[in-house]
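Notes follow the structure.
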Amino acid sequence: VDLVESGGGSVETGGSLTLSCAASGHFYSGYGSYCMGWFRQAPEKEREGVAFIDGDGTIRYADSVKGRFTISKDGANKITYLQMNNLKPEDTAMYYCAADQTYCSGGYTRVSDFGHWGQGTQVTVSS
């Protein structure tokens, strides 16, 4: 499984960005059986989960992004999106796409629950 993120950039507070995660390679039991997740890591902070979409379409968000971020996926093209609106300086981080056959709709959304990661895309929000 290979994951490639794109769409990061620099915006002002209140701006929007859409991140994409293009997946390729062999997905055991199919791409649709995987949980796709977005994590972020700010300098000197631990990587944290932002949004997840399970194989059955169940979605979970971190409290800090609820109402501002939207995760979705295009199963046919194996692309996962993260629409980010009303961005704040505290959203500044490297954003990573992750995938695994974890039961993320049941709360298995730790970094250790995911075995496949992209290289990340930087999001910078200025005040």
Side-chain angles (χ1 to χ4, degrees):
V1 175
D2 294 310
L3 304 172
V4 179
E5 303 97 334
S6 61
S10 297
V11 296
E12 295 183 346
T13 297
S16 298
L17 285 171
T18 299
L19 306 183
S20 299
C21 171
S24 62
H26 177 70
F27 287 80
Y28 185 76
S29 298
Y31 174 78
S33 68
Y34 280 61
C35 173
M36 303 300 299
W38 285 97
F39 289 78
R40 66 186 182 188
Q41 188 167 17
E44 301 182 357
K45 290 189 176 181
E46 292 189 355
R47 192 169 297 190
E48 63 174 359
V50 174
F52 304 89
I53 183 165
D54 212 338
D56 64 359
T58 301
I59 290 173
R60 298 173 68 99
Y61 294 103
D63 288 342
S64 59
V65 306
K66 282 181 181 177
R68 301 188 298 122
F69 289 12
T70 302
I71 189 171
S72 62
K73 67 179 181 180
D74 175 353
N77 293 300
K78 298 180 183 175
I79 301 174
T80 304
Y81 300 98
L82 185 68
Q83 172 68 44
M84 305 185 295
N85 297 325
N86 191 21
L87 282 161
K88 304 175 181 180
E90 52 264 43
D91 295 317
T92 295
M94 185 71 80
Y95 283 71
Y96 298 91
C97 177
D100 216 313
Q101 288 181 300
T102 180
Y103 183 40
C104 64
S105 58
Y108 290 85
T109 55
R110 301 165 299 180
V111 170
S112 59
D113 290 319
F114 291 82
H116 306 285
W117 294 85
Q119 293 300 305
T121 185
Q122 178 69 36
V123 172
T124 303
V125 185
S126 58
S127 57

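In this text the structure is predicted, and so the values were computed from the model without any measurement. When reading the values below, keep in mind they use all heavy atoms of this one structure, side chains included, and skip hydrogens, waters and symmetry mates.
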[X]: which residues meet the salt bridge (charged side-chain N to carboxylate O under 4.0 Å, His left out) condition with it, sequence neighbours left out?
X: Glu90; result: none
X: Lys45; result: none
X: Asp56; result: none

Which pairs of donor and acceptor atoms, one on a side chain in residues 12-21, lie under 3.5 Å apart (sequence neighbours left out)?
| residue | atom | partner | partner atom | Å |
| --- | --- | --- | --- | --- |
| Thr13 | OG1 | Ser126 | O | 2.8 |
| Ser16 | OG | Asn85 | OD1 | 3.0 |
| Thr18 | OG1 | Gln83 | OE1 | 2.4 |

Heavy atoms only: give me the nearest [X]-[Y] pair and the separation to one decimal.
X: Val125; Y: Lys88; result: CB-O, 3.3 Å
X: Gly55; Y: Lys73; result: CA-NZ, 3.9 Å
X: Trp117; Y: Gly115; result: CD1-C, 4.0 Å
X: Gln101; Y: Ser33; result: NE2-OG, 3.2 Å

Would you please name every residue forming a side chain to side chain contact (heavy atoms under 4.5 Å, CB included) with [X], sequence neighbours left out?
X: Asn77; result: Asp74, Ile79
X: Ser64; result: Arg40, Ala62
X: Ala99; result: Leu3, Tyr34, Met36, His116
X: Ala22; result: none

Counting N and O atoms only, with roles assigned by atom type, does the side chain of [X] sit under 3.5 Å from a partner on the main chain of [Y], one being a donor and the other an acceptor?
X: Asp113; Y: Thr102; answer: no
X: Asp2; Y: Ser24; answer: no
X: Glu5; Y: Gln119; answer: yes

Val65-Val11 co-clustered via ILVMFWY side chain contacts under 4.5 Å: yes
Honestly curious: do Leu82 and Ile59 fall in one hydrophobic cluster under the side-chain, below-4.5 Å linking rule? yes
Would you say Trp38 and Thr80 make side-chain contact, with heavy atoms under 4.5 Å? yes
Check: Met84 and Asp91 side chains under 4.5 Å, non-hydrogen atoms: no
Residues, nucleotides or ligands: over 12 heavy atoms within 6.0 Å of Tyr108 OH: no
Could you list all the disulfide bond (SG atoms under 2.5 Å apart) pairs where at least one residue sits in residues 25-87, not counting sequence neighbours? Cys35-Cys104
Which pairs count as ring-ring contact (aromatic ring centres under 6.0 Å, His included) when at least one residue sits in residues 81-105, sequence neighbours excluded? none
ring-ring contact (aromatic ring centres under 6.0 Å, His included): pairs with one or both residues in residues 44-79, sequence neighbours excluded: Phe39-Phe52, Phe52-Phe114
With Thr92, which residues qualify under side-chain hydrogen bond (donor to acceptor under 3.5 Å, both in side chains), at least two apart? none
